[in-house]
**Student:** 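This is the structure, below, for whatever I ask next.
Order of the sequence lines sets the chain letters (A, B, ...), proteins ahead of strands, with each chain counted from 1.
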Amino acid sequence: MLFSNRMINILIPIISVLLGLLSGAIIMFFFGYNPVEGYAALWNGAFGDSYFFGETIRQVTPYILSGLAVAFALRTGLLNIGVEGQVFVGWLASVWVGISFELPMVIHLPLAVLAAALAGAFWGFIPGILKAKLGVHEVIVTIMMNYIALYISNEMVRSVLTDGADRTPEIFPTASLASEWLASMTFYSRLHYGILIALFMAAVMWFVLNKTTTGFELRSVGFNQNASKYAGMNVSKNIVLAMVISGAFAGLAGAMEGLGTFGYMNVKSGFTNIGFDGIAVALLGANTALGVVLAAFLFGTLKIGALNMPTEAGVPTELVEIVIALIIFFVASSYIIRWVFLRFKKEGK
Amino acid sequence: MDYVIEMLNIRKEFPGIVANDNINLQVKKGEIHALLGENGAGKSTLMNVLFGLYQPEKGEIRVRGEKANITDPNVANGLGIGMVHQHFMLVDTFTVTENIVLGSEPKKMGRVNLKKAEQEVQELSERYGLNVDPRAKIRDISVGMQQRVEILKTLYRGAEILIFDEPTAVLTPQEIKELIQIMKSLVSEGKSIILITHKLKEIMEVCDRCTVIRKGQGIGTVDVAETNPTDLASLMVGREVSFSTEKKPAEPQETYLSIKDLRVKDVRGVEMVKGLNLDVKAGEIVGIAGVDGNGQSELIEAITGLRKTESGEIKLHDKALTNLTPRKVTQSGISHIPQDRHKFGLVLDFPIGENMVLQSYYDKPFSKNGVMNFKNIYKKANELIEEYDVRTPDAYTKARALSGGNQQKAIIGREVDRSPDLIIAAQPTRGLDVGAIEFIHQRLIEERDKGRAVLLLSFELEEIMNLSDRIAVMFDGQIVSEVKPEETNEQDLGLLMAGNTTVKAGGE
Ligand SMILES: Nc1ncnc2c1ncn2[C@@H]1O[C@H](COP(=O)(O)OP(=O)(O)OP(=O)(O)O)[C@@H](O)[C@H]1O
Ligand SMILES: [Mg+2]
């Protein structure tokens with residue numbers, strides 16, 4: 001056989017990315033920009049010096065976690081579109097704990113991180129319980145929950161955490177993930193310890209899904225609820241649990257912003273897109289832990305590297321957005337590539 | 001030559017397995033051609049090749065003498081080949097007509113012309129005696145009717161050659177009779193039929209010729225008029241097969257399962273089990289005979305904890321099972337071979353090995369402190385695969401890729417191996433070949449002899465008669481009479497099942 005299934009699964013995301021980059025190049029060329037210069041600028045913007053590299057890794061961190069959140073839900077048969085909202089409440093909760101009291105770091109920081117995870121988990125629990133008990137589709141509920149999270153967070157920042165200000169005070173250093181050491185190594189980028197949490201959580205997801213009885217149940221319920229019930233599993237409990245865990249991952253992504261990158265929360269006019277990009281990250285990463293880490297790396301690279309394209313190659317930001325969108329498009333439509341592949345496999349022997 | 005279909009030297013491989021190896025199949029115009037072979041022999045695969053779902057690695061297909069390159073089902077449709085799959089592909093909420101025209105809608109000024117379609121469906125249905133109401137919704141009609149909709153679908157697309165993949169496995173005896181009539185009227189109109197079935201009686205009754213496949217290899221084609229079921233069976237298995245199962249008389253012991261005044265409602269809230277009483281003792285096989293839809297499924301779901309009971313009592317030994325969760329029911333010593341293996345029996349996207357521990361994964365030695373022990377799981381799985389002759393490349397293959405009969409053998413292995421006090425076997429041999437049926441019956445009798453109680457549900461009277469020590473006839477939600485198999489016959493049983501109480505049990 002020409003290509004094994006495993007190979008196809010690895011090749012498809014790679015081909016999607018290449019196709020995205022290629023069509024991006026064609027568009028740049030069409031509008032009169034030099035694609036080689038454009039991509040060189042992107043590369044330099046992401047890896048050109050240690051500052052850029054630090055920023056790239058910083059951007060990768062929340063992407064890993066939001067990607068894990070989406071992937072975890074998908075592996076258990078649920079489409080969690082609410083990662084965005086869960087990021088918001090996670091961010092808010094972590095900052096709230098961060099500014100409310102000063103405690104020894106060994107207590108304060110874990111507490112703030114935990115608060116974010118719990119807040120995200122709670123935000124996932126609501127659509128989970130509605131699906132399990134009433135059969136309401138999680139996509140509808142999670143979309144609504146995103147808006148609720150956005151407006152509640154804004155209101156909390158304005159009226160509860162501050163007196164009408166647009167941003168909260170800085171969190172106490174005892175709750176901060178920021179690291180003098182990492183920052184100084186990278187020319188004072190905003191790189192923080194969160195990346196370790198993100199990588200650790202990727203390992204946790206792999207372990208839980210593939211190695212534990214809980215993961216066995218979650219996946220079983222995701223594939224076939226009737227057979228799971230027949231086998232004695234509690235279907236409702238597992239649906240709720242899947243959403244809770246997924247939400248916790250998303251909440252942690254929020255903590256990366258609240259405790260790491262920014263150290264505060266501000267009033268937002270719209271979504272951060274960390275959660276929505278998580279969907280693309282999960283798709284590109286084929287819903288596996290390792291895949292998500294790699295895909296998040298690519299997305300972080302594109303996001304940060306693209307900032308350099310207008311200055312170094314004169315490519316306007318709008319065009320950069322189009323190029324990124326194209327890559328996402330090809331990733332999302334990877335089933336088309338899969339289809340072409342399988343046809344090719346049929347014809348050739 | 002007057003062959004409508006010729007498949008020559010077909011070879012089809014799957015990872016780790018050659019499903020078809022040098023198979024020849026030649027179908028004459030106007031005949032019903034049987035395709036016979038053990039579970040996993042490669043029958044469905046061969047038909048999927050003919051229907052364009054799989055591409056063969058080697059070999060040639062000729063349709064009406066012309067070489068054909070069937071790259072997908074649309075090409076097959078164009079050549080007049082239609083297939084009725086074992087698992088139907090219908091949209092529940094659509095009407096019969098809508099399902100039939102789906103994908104080839106007749107248009108009038110850009111709009112779907114349902115009136116015209118309805119008329120055509122009606123005409124086709126009358127012509128072949130299908131008796132289908134074109135306006136009925138799929139979810140409101142029986143499985144037998146749904147199958148006819150699938151047949152109409154192929155006819156509507158102009159099929160001249162019809163493939164039936166185990167059509168009778170899901171039908172009741174009455175529906176099977178009607179299907180046979182339909183097939184006869186189809187060939188009398190000049191259509192040709194390829195029929196896959198494990199029931200030799202059906203082959204003898206309707207088929208003209210029969211092609212036998214054994215382990216992926218073509219064994220040959222015989223004229224049905226010149227053969228008999230025994231020869232067919234040994235041709236397909238490669239050894240002698242005994243049809244009636246040998247067994248000693250039962251020695252029933254104390255009562256294991258006892259059901260009193262049980263009432264159960266179905267999904268729609270209609271009472272389906274209406275005050276049922278039944279006992280099953282250790283060391284006996286009790287067969288439930290009945291026409292489908294008389295509350296059998298609800299009864300089993302109530303015992304196994306899959307459905308709430310309204311009132312009444314279910315006890316195993318002296319422990320109440322009423323409204324326990326499925327897990328608790330399993331733990332109290334009940335195994336359940338479910339009627340619908342795809343819906344309940346398997347997680348098709350899990351490896352077959354992991355399906356073998358679907359109810360016991362949380363326990364030692366398959367896991368410890370919540371962490372799975374895959375080494376022990378696959379060790380167990382391989383033992384079961386070996387013992388129950390589940391044909392699969394390995395234990396890591398997804399359950400979905402196994403042939404229907406081998407999926408069933410895997411479930412039976414899993415359920416019997418837990419050595420429960422009570423085995424509930426609902427249609428345990430549906431879709432199995434004669435050799436496998438013999439084996440499974442033997443296993444159930446062995447379990448009985450070990451002192452286990454077995455509750456058998458089957459729509460096949462032959463199986464009920466062969467296997468049961470006691471037959472409980474179920475009608476309209478109740479056990480209306482109990483008979484001994486040696487004191488009755490299929491005729492009387494049929495009357496009892498129809499609710500006729502004037503037949504005296506025991507034949508006095
Ligand atoms: N999609 C697939 N991928 C891998 N292996 C497959 C696939 N489909 C079938 N097989 C294998 O090919 C062999 C033949 O399967 P097939 O379904 O044709 O058997 P069958 O004769 O129809 O059996 P049954 O009577 O049990 O339905 C089996 O060993 C099965 O495991
Ligand atoms: Mg088959």
**Student:** List the atom of A:N226, the atom of B:K343, and the distance in Å for their closest heavy-atom pair.
**Tutor:** CB-O, 3.2 Å
**Student:** Please classify the contact between A:E217 and chain B as side chain, backbone, both or neither, with a heavy-atom cut-off of under 4.5 Å.
**Tutor:** side chain
**Student:** How long is the gap from NZ on A:K229 to OG1 on B:T304, to the nearest 0.5 Å?
**Tutor:** 9.0 Å
**Student:** If I measure from the heavy atoms of chain A, does B:H342 come under 4.5 Å with its side chain, its backbone, both, or neither?
**Tutor:** backbone
**Student:** Does any heavy atom of chain A fall under 4.5 Å from the side chain of B:F366, the backbone, both, or neither of them?
**Tutor:** neither
**Student:** Working to the nearest 0.5 Å, report the span between OG1 of A:T213 and CG of B:N369.
**Tutor:** 9.5 Å
**Student:** Just wondering, do A:M233 and B:Y362 contact through their side chains at under 4.5 Å, heavy atoms?
**Tutor:** no
**Student:** Sort A:N234 into side chain, backbone, both or neither according to what part of it lies under 4.5 angstrom from a heavy atom of chain B.
**Tutor:** neither
**Student:** Output the distance between atom CD (A:Q225) and atom CZ (B:F344), rounded to the nearest 0.5 Å.
**Tutor:** 11.5 Å
**Student:** Please classify the contact of B:Q331 with chain A as side chain, backbone, both or neither, using a heavy-atom distance under 4.5 Å.
**Tutor:** neither
**Student:** With rounding to the nearest 0.5 Å, note down the distance linking CG in A:N210 to CZ in B:F374.
**Tutor:** 7.0 Å
**Student:** Okay, side chain of A:Y230, backbone of B:P326: is any donor-acceptor separation there less than 3.5 Å?
**Tutor:** no
**Student:** Between A:G215, A:S220, A:S228, which has the largest tally of heavy atom pairs under 4.5 Å with chain B?
**Tutor:** A:S220
**Student:** Give, as side chain, backbone, both or neither, the part of B:L346 having an atom under 4.5 angstrom from any heavy atom of chain A.
**Tutor:** backbone
**Student:** Hey, do the aromatic rings of A:F216 and B:F350 have their centres closer than 6.0 Å?
**Tutor:** yes
**Student:** What's the spacing between B:D349 CG and A:R219 CZ if we round to 0.5 Å?
**Tutor:** 11.0 Å
